[in-house]
Amino acid sequence: METDKIEEATSNAVDIYKGLACSPSVTRGEISFGDNTSLTTVTSIWSQRDIERSENVKFSRSHYISQENHIEVLARSAPTELKSEVWNVQSPSGKLRVIIRSVKSDKQDEKQYIEIWNTQNKEKNIDVKSLDIHGKIYDQDGHFGTLQWSKSEKFLLYVAEKKQPKTESFFEKKPESNSDSSKDPPLRGEEHVFREMWGEQFVDKCHPVLCVFDIEAATTRVLDTTKVLNTEMDMSAGQAIWTPGDSGVVFVGWTNEPFKLGLIYCPQRRNALYHIDLESTTCTQLSEKDKSVRSPRFTPDGKKLVYLQNATYGPHMTCANLIECDWASKNLTTIVGDCFQGEDGISKFPGIYSLEFPTRCWATDNKTLFMSSTWGSKVDIISINIETKTVAKLNEDAEVGVWTVLDVTRDMILASYANPSTPPYLRLGVLNLKEDATYSITWTQLDTPSRISGIKYKINTHTPTGEKAKDHFSNLKYESILVTPTSESNVKPPLVVYPHGGPHSAIVCDFMLYIAGLCKCGYAVLLVNYRGSTGAGKDSIDSLPGNVGTQDVNDVQGAAEEIIKDGNFDKNRVVVMGGSHGGFLTGHLIGQHPKFYRAAVMRNPAINVASMLGSTDIPDWCFVEAGIEYNQSILAGVEDYKKMWERSPIKYVKDVTTPVMIMLGAIDLRVPPKQGHEYYRALKANNVEARMLVYEGNCHPINKVDAEADAFVNIVKWFTKHLSSP
Ligand SMILES: CC(=O)N[C@@H](C)C(=O)N[C@@H](C)C(=O)O
């Protein structure tokens, strides 16, 4: 009986996953205008899981829109699969397009090409290797990658790996003395020197440099920032943009010394904004010392430069500041600073929580920009007027979900919208300037949303109660999102408690494949944005470091008990799952509340912060979350390790009785797999049922198509097994 139930649930989970995995996500969007000013084209790039090919398939779509009186979709193109495109950027006039193509030979060695297309055909094709001046061109990695047309459309600005000198063994036969002396001789004995990369998911990115490609001459110039900065400081450069008139380049420079800390999900790494004048090759620092900056953008008239800024070290994601640099005087002004919420919770603007501005983000007024930003448990479109320093929300309150600004031009906004029951779809809006100098917008849906039936969701607000109200942040509210199946059955659905990772991130009302899948399999899911999450004010984030393992655990448990008290769920059918810091919290929850959860799933869990310190790409995280101030010269002492261990789930493993399934990405550099092994061994030593799955070739997210699919079905199978047993 039990086996049949498990088999049936597993087979059902496979079918449900296959159906939902077809939902594509939008990765880029662009509004363009041909010669015919009444016709607007919207080009969008999508990514979709292909389980049979075990890869993410990329494709483009186009919408052709009339704008005579209002937005009317005249035609839609069929999806076109994009093979091997790393970049695809239209020139400012729309007459040209550059594509960076990456082609793998059957021997799997990768070749890259720079392709220049006009509106009829491919004009130029350059084999990057033949330039023999740099390594691989960087992709859109969210930190370094860039590809920008100059206004003149004669040059391209991009980032590539610095060319490495050839190396050879000491025992290699020396060449004849009359060999070509123009070539640098290979370095002997350097073949095995350690080359430090930028950590998790940046394992092939060591030393990015700025490159200016002359299209006519088909030659590239590498801007060696070490020289122009007149310093020996080894620097990684990225996020480069042209200055007005193409006379220079503004870029973000990261110091490589004393050692590199993991970069992904960590926009507080020390760096600076620089300006290189291409004629004189002088280089000056634009931003303040000892800050972390990102996403520089000029106003269309070139008079102002804005960028996002955070303090260095400290919590890994926090409230960002918007800084304005007057281009003529280079004077800096803070337009939007830190926001502290206190009792207000998220009723008022909680601050900027975003990694970057859209590539094009300005209204034609040259003073209002539009961006997406996390606001509580959702993502809204906000407008920021850099003259009046005012922030306003653009989308309506009723449209709770995730709004992503894809492109802004000629007072039109291309955005995608999604929510837990609706995969992302495109909307095109026309901005209307109001009397108070803010904007309203008139949206048109470019497609009919494909809403998934049987799923409903609501946002709950929680206030710390009982013991939890004793901590000095008890005035801070926090949220959860409850996603529930809408089946007519009068059987109370089982509840999955799901704390997010980070800890300084947030789960937002987005379309999430696993959450929709669990819901379609009959589970309700409680996604908890405990205090310390982003989107709820800087004081919420600052409340958690030093209190992990208690405050965050109490918040998740408090939300779960509150929801169960409502009577819609059976308190004997509650399970828990989480990844990374969410796995850390899963370990604490089953250790501190041993009888509350029927089963647990941990994905790349942080188990013992003390043992993680020496192997993670973010050792600073171990200090910061244990409440220890970090700098790169710190060395952990006994008391530091003690603090880290005392806040770790391993401390409570002796009390665990809940069956646990651990899922590991074999090449995770963020939370190394040995963390999961440490917990697995401790459970087995205590005769607790434990199952461990190791996904080869997967890193921190465990998001390769086959691994993601396998993990989902194994999760449903694990929960079904332990909810079926008496
Ligand atoms: C906000 C965030 O993601 N923090 C990063 C430092 C991170 O990777 N945290 C790990 C521990 C996780 O994903 O929880």
Side-chain angles (χ1 to χ4, degrees), residues 141-143 198-203 260-270 292 294 310-320 351-356 374 379 498-508 527-536 538 540-545 548-549 552-553 556 577-589 601-626 630 644 647-650 662-665 667-676 679 698-703:
D141 57 25
H143 284 275
W198 281 100
E200 165 71 15
Q201 297 172 50
F202 281 73
V203 288
K260 292 172 182 155
L261 290 166
L263 204 50
I264 197 165
Y265 318 133
C266 302
Q268 88 301 7
R269 294 297 177 227
R270 192 181 53 200
S292 185
R294 59 188 186 273
N310 281 109
T312 48
Y313 303 124
H316 287 76
M317 296 259 201
T318 185
C319 195
I352 297 174
Y353 301 90
S354 184
L355 286 175
E356 58 183 351
T374 302
V379 176
Y498 191 121
H500 62 70
H504 310 296
S505 67
I507 293 191
V508 289
L527 307 158
V528 187
N529 285 318
Y530 45 87
R531 285 172 292 168
S533 302
T534 47
K538 191 173 182 301
S540 175
I541 289 172
D542 292 346
S543 75
L544 190 54
V548 296
D552 45 0
V553 180
V556 177
M577 69 182 277
S580 195
H581 189 84
F584 169 96
L585 288 172
T586 299
H588 273 294
L589 288 162
V601 171
M602 300 172 157
R603 293 157 53 89
N604 291 324
I607 288 300
N608 179 347
V609 179
S611 61
M612 181 174 154
L613 178 62
S615 53
T616 175
D617 70 333
I618 52 169
D620 59 314
W621 182 90
C622 301
F623 286 97
V624 168
E625 299 308 331
Y630 179 80
M644 293 173 190
R647 288 161 177 78
S648 300
I650 196 75
I662 300 169
M663 301 177 144
L664 302 178
I667 54 173
D668 183 351
L669 298 179
R670 185 52 45 100
V671 178
K674 287 304 175 194
Q675 287 288 299
Y679 201 69
N698 278 261
C699 44
H700 196 52
I702 311 183
N703 60 356

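Whatever order the structure lists ligands and atoms in, that order sets their numbers, starting from 1. Predicted model only: the values in this text are computed from it and were never measured.
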A.B. asks: Check the orientation of H581 and F584. Use parallel for under 30°, tilted for 30 to 60°, and perpendicular for over 60°.
C.D. replies: parallel
A.B. asks: Shortest non-hydrogen contact from H504 to G532?
C.D. replies: ND1-O, 2.9 Å
A.B. asks: For ligand 1, output the ligand-protein N/O contacts shorter than 3.5 angstrom; if there are none, return none.
C.D. replies:
residue	atom	partner	partner atom	Å
ligand 1	4 (N)	G502	O	3.2
ligand 1	8 (O)	R670	NH1	2.9
ligand 1	9 (N)	G502	O	2.8
ligand 1	13 (O)	S580	OG	2.7
ligand 1	13 (O)	H700	NE2	3.0
ligand 1	14 (O)	G502	N	2.5
ligand 1	14 (O)	S580	OG	2.6
ligand 1	14 (O)	H581	N	2.9

A.B. asks: Please report the shortest heavy-atom distance between T586 and V601, naming the atom on each side.
C.D. replies: CG2-O, 3.9 Å
A.B. asks: Measure the shortest side-chain to side-chain distance between F623 and L613 over non-hydrogen atoms and say whether it is less than 4.5 angstrom.
C.D. replies: yes
A.B. asks: Within the side chain of S648, is there an N or O that forms a donor-acceptor pair under 3.5 Å with the backbone of I650?
C.D. replies: no
A.B. asks: Looking at R647 and D552, does any basic side-chain N land under 4.0 Å from a carboxylate oxygen?
C.D. replies: no
